[in-house]
Amino acid sequence: FLEDAVEFDVDAVCDGTEVLIGGIMQHIEEAGIHSGDSFAVLPAYKTSDREIATMREHTQRIALSLGVVGLLNIQFASFQGTIHVIEINPRASRTVPFLEKATGVDLGRVATRCMMGIKLAEQGVSEVQNLGHTFVKGPVFPFRRFPRTDSLLGPEMKSTGEVMGIGKDFGEAFARAQMAAGQVLPSTGTVFISVNDGDKQDMLPIARDLHELGYGMLATGGTAEFLQQQGVPAAVVAKVGQGSPHIGQAIREGQVQMVINTPLGKQSRYDEGAIRRESRALDIPCITTLSGGRAAVDGIRAMRRGLDGVVALQNLNRNLT
């Protein structure tokens with residue numbers, strides 16, 4: 001109901017009188033995608049200080065009003081400058097281990113001690129303000145084991161695991177998370193783009209960036225015509241079942257290195273499900289949201305600059321044992 005809203009995850013610990021914010025993570029995918037299937041970024045990026053302050057205040061007031069003692073997870077959505085509360089879970093969430101590794105604060109242990117009557121002040125813990133790096137939580141999907149399952153994301157959780165990417169900036173962290181999840185972003189090649197009419201204008205900057213980075217563009221009729229009118233060269237390919245060679249054949253023959261596909265409507269989702277299945281079968285990155293497309297551009301730029309060498313997590317955070 002909040003079209004193109006940005007979603008956030010907040011994990012906190014409350015002892016009944018004080019609240020410790022474990023971290024505020026921003027989802028890359030828009031609100032409406034299950035949080036377990038979304039890439040999450042810590043610290044939150046591309047958001048305002050006012051929004052962050054509002055979520056902190058809401059988290060503290062909600063935790064204390066509910067009388068929570070222990071862990072608390074709240075999901076927020078930012079829509080047109082207003083912060084909405086999606087849901088509140090007075091329990092540990094799947095993002096707690098991610099935050100513990102990123103910050104070095106053992107939230108599970110802290111929360112357990114709170115439940116045993118030991119206040120936060122007695123434990124001497126505080127929120128980590130300066131992380132020094134960007135951390136990205138990435139979902140891992142089982143689509144290769146279930147080839148008939150559509151990879152289009154929605155409110156139903158489909159992921160079966162998670163990875164963490166760390167970098168000096170968002171692009172590097174996202175690229176590493178993609179690598180760890182088995183979806184390596186291509187350094188060169190051709191990108192197939194097929195988006196619904198409502199997404200075409202927002203897709204244009206992504207296509208322009210990819211073109212400037214040297215990627216070829218392949219698109220179905222309507223999208224190709226739109227790109228050409230906007231000055232972005234794009235070759236035309238037939239939809240599946242509407243001629244030959246069609247996009248499914250192009251993917252199978254290795255002519256496509258990345259897919260950006262945002263269908264709209266039941267029939268479109270069914271028709272283009274074949275495109276997403278072909279991509280997953282060949283481990284070609286298949287991105288089904290525009291926000292994911294923008295993140296991919298940042299990741300590719302980071303890969304072009306060159307990723308830093310591997311560093312032990314313990315060396316990044318001396319609090320880890």
Side-chain angles (χ1 to χ4, degrees), residues 25-29 37-46 98 101-102 131-141 143-144 151 153 159 161-193 195 202-219 227 232-234 250-251 254-262 276 278-313 315-316:
M25 296 152 282
Q26 181 174 343
H27 292 192
I28 293 176
E29 287 77 12
D37 290 352
S38 296
F39 281 84
V41 186
L42 181 77
Y45 77 123
K46 296 181 179 179
F98 170 75
K101 291 179 174 65
L131 294 170
H133 286 76
T134 298
F135 301 83
V136 172
K137 183 214 76 169
V140 178
F141 297 98
F143 297 129
R144 289 194 67 187
S151 61
L153 302 180
S159 64
E162 294 176 338
V163 297
M164 182 167 73
I166 306 173
K168 58 181 178 292
D169 56 27
F170 167 71
E172 181 177 336
F174 181 77
R176 289 187 182 279
Q178 284 279 47
M179 290 178 183
Q183 292 288 305
V184 181
L185 297 171
S187 57
T188 58
T190 299
V191 179
F192 170 69
I193 299 179
V195 299
D202 291 331
M203 172 272 299
L204 184 58
I206 300 171
R208 282 177 173 158
D209 286 344
L210 290 170
H211 172 62
E212 292 174 0
L213 288 167
Y215 291 85
M217 297 290 120
L218 189 64
L227 289 173
V232 179
I251 294 173
Q255 300 176 27
V256 175
Q257 282 67 53
M258 186 166 73
V259 171
I260 299 177
N261 174 229
T262 65
R276 296 186 290 275
E278 292 285 356
S279 303
R280 294 293 184 182
L282 297 175
D283 281 336
I284 296 172
C286 182
I287 299 167
T288 58
T289 63
L290 292 180
S291 51
R294 289 187 286 268
V297 170
D298 290 338
I300 289 168
R301 284 181 173 143
M303 292 172 61
R304 292 279 182 90
R305 294 195 306 266
L307 303 180
D308 291 337
V310 176
V311 178
L313 188 62
N315 291 337
L316 289 179

Begin with the C-alpha distance, continue with both residues' side-chain angles, and end with the deciding distance and a verdict on side chain to side chain contact (heavy atoms under 4.5 Å, CB included) for Q178 and V184.
CA-CA 6 Å; Q178 284 279 47; V184 181; over 6 Å; no
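- Contact of the V297 side chain with the E212 side chain is not registered, since no non-hydrogen atoms from C-beta on lie closer than 4.5 Å.
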How far apart are the C-alpha atoms of M164 and K137, what are their side-chain angles, what is the distance that settles it, and do they pass the side chain to side chain contact (heavy atoms under 4.5 Å, CB included) test?
CA-CA 5 Å; M164 182 167 73; K137 183 214 76 169; 5.9 Å; no
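- G293 and I260 get closest at one heavy-atom pair: CA-CD1, 4.5 Å.
- Closest of all the heavy-atom pairs between L131 and A102 is CD2-O, 3.9 Å.
- Y215 places a side-chain N or O within 3.5 Å of a backbone atom of P186 that can act as its donor or acceptor partner.
- Here the OG1-OH distance, from T134 to Y45, works out to 10.5 Å after rounding to the nearest 0.5 Å.
- Using modelled atom types, no side-chain atom of E172 and backbone atom of A302 make a donor-acceptor pair closer than 3.5 Å.
- Judged purely by atom type and a 3.5 angstrom limit, Q257 uses its side chain to pair as donor or acceptor with the backbone of G254.
- Between the side chain of S291 and the backbone N or O of I28 there is at least one donor-acceptor pair closer than 3.5 Å.
- Closest heavy-atom contact between I284 and V256: CD1-O, 3.3 Å.
- Nearest heavy atoms, A181 versus P139: CB-O, 3.8 Å.
- Contact annotation: the side chain of V232 approaches that of M217 to within less than 4.5 Å [non-hydrogen atoms, C-beta and beyond].
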Any chance you could lay out the side chain to side chain contact (heavy atoms under 4.5 Å, CB included) test for M25 and F98, step after step, and finish with the verdict?
CA-CA 10 Å; M25 296 152 282; F98 170 75; 3.9 Å; yes
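- Taking both residues in full, the closest heavy atoms of A175 and L185 are given as CA-CD1, 4.5 Å, listed atom of the first, atom of the second, then distance.
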Can I get a per-line list of side-chain donor-acceptor pairs under 3.5 Å for residues 202-211, giving both atom names and the distance, sequence neighbours left out?
residue : atom : partner : partner atom : Å
R208    : NH2  : Q230    : O            : 3.4
D209    : OD1  : R301    : NH2          : 3.4

Go through it in stages, so that I can follow the logic: the residues are I193 and V195, the test is side chain to side chain contact (heavy atoms under 4.5 Å, CB included), and I'd like the CA-CA distance, side-chain angles, deciding distance and then a yes or no.
CA-CA 6 Å; I193 299 179; V195 299; 4.1 Å; yes
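- In terms of heavy atoms, S187 sits closest to R304 at O-NH2, 3.0 Å.
- Here CD1 of I166 is found 13.0 Å from CG of L307. Values are rounded to the nearest 0.5 Å.
- Counting heavy atoms from C-beta outward, V259 and I287 have side chains that stay 4.5 Å or more apart.
- For F174, the ring-ring contact (aromatic ring centres under 6.0 Å, His included) partners at least two apart in sequence or on another chain are F39, F170.
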